[in-house]
Chemist: 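Pasting a structure here, questions to come.
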Amino acid sequence: MKMMRIRCTALVAAMIVASIGVSAPHAGNRSLTDNGAYPHITVTSQYDPTQSISAPVRRLPKGDQVRLPGGTWVWCGINCYHTLRNATVDFWRRYDAPVTLP
């Protein structure tokens, strides 16, 4: 019984040390990947499937941000895909859509 308790304690301690060793290098900036680049997303226009755009996304403590083509980082609203699509490829089409009255 005592030997089993020692083994369990050693196993738990080894797992804790391993998890700390893995997470320590990424503690400074969790939004960066190993090569220093941000992960990218690609969205396609809802109105024209031939139009698409790709942009980097970064994760911050207060939420996610996506970078627009001009270099500006904007907060993701509903999600980053929706924000990027509405701010770029579908921006003018949303306002040019025909109005239907009841």
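All residue numbers in this chain count up from 1 along the given sequence.
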Chemist: Any heavy-atom pair between the side chains of Ile41 and Tyr81 that's under 4.5 Å?
Modeler: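 They are in side-chain contact.
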Chemist: My understanding is that only residues two or more places apart in sequence, or in another chain, count here; which of them pass ring-ring contact (aromatic ring centres under 6.0 Å, His included) with Trp75?
Modeler: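 By the ring-ring contact (aromatic ring centres under 6.0 Å, His included) rule, Trp75 matches no residue at all.
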Chemist: Which residue pairs pass the salt bridge (charged side-chain N to carboxylate O under 4.0 Å, His left out) test when at least one of the two sits in residues 74-89, sequence neighbours left out?
Modeler: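 Residue pairs with at least one partner in residues 74-89: there are none.
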Chemist: Suppose we screen for side chain to side chain contact (heavy atoms under 4.5 Å, CB included). Which residues come up paired with Thr83, at least two apart in sequence or across chains?
Modeler: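 Partners of Thr83 by the side chain to side chain contact (heavy atoms under 4.5 Å, CB included) criterion, ordered by chain and then number, come out as Val66, Val74, Cys76.
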Chemist: Short question: side chain of Thr72, backbone of Leu68 - any donor-acceptor pair under 3.5 Å?
Modeler: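 Answer holds: no.
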Chemist: Could you give all pairs that pass the salt bridge (charged side-chain N to carboxylate O under 4.0 Å, His left out) test and reach residues 41-50, with sequence neighbours left out?
Modeler: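 Of all non-adjacent pairs touching residues 41-50, none passes salt bridge (charged side-chain N to carboxylate O under 4.0 Å, His left out).
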Chemist: Can you name the residues that form a side chain to side chain contact (heavy atoms under 4.5 Å, CB included) with Ser54, not counting sequence neighbours?
Modeler: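 His40, Thr42.
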Chemist: Using a 4.5 Å cut-off on heavy atoms from C-beta on, say whether the side chain of Thr88 contacts that of Pro69.
Modeler: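 Answer yes - side chains close enough.
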Chemist: Counting the benzene-type ring for Trp, do Tyr38 and Trp73 have ring centres under 6.0 Å apart?
Modeler: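 Yes, the ring centres sit under 6.0 Å apart.
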Chemist: Side chain to side chain contact (heavy atoms under 4.5 Å, CB included) for Leu60 and Gln65? Distances and angles first, verdict last.
Modeler: CA-CA 7 Å; Leu60 299 174; Gln65 289 184 334; 3.4 Å; yes
Chemist: Suppose the criterion is salt bridge (charged side-chain N to carboxylate O under 4.0 Å, His left out): which pairs have a residue in residues 64-74, not counting sequence neighbours?
Modeler: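 Qualifying pairs, neighbours excluded: Arg59-Asp64.
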Chemist: Could you tell me if the side chain of Gln51 sits less than 4.5 Å from the side chain of Thr44, heavy atoms only?
Modeler: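 No, too far: nothing below the 4.5 Å cut-off.
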Chemist: For Ser45, give me all partners under side chain to side chain donor-acceptor pair (under 3.5 Å), at least two apart in sequence or on another chain.
Modeler: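 Partners of Ser45 by the side chain to side chain donor-acceptor pair (under 3.5 Å) criterion, ordered by chain and then number, come out as Asp90.
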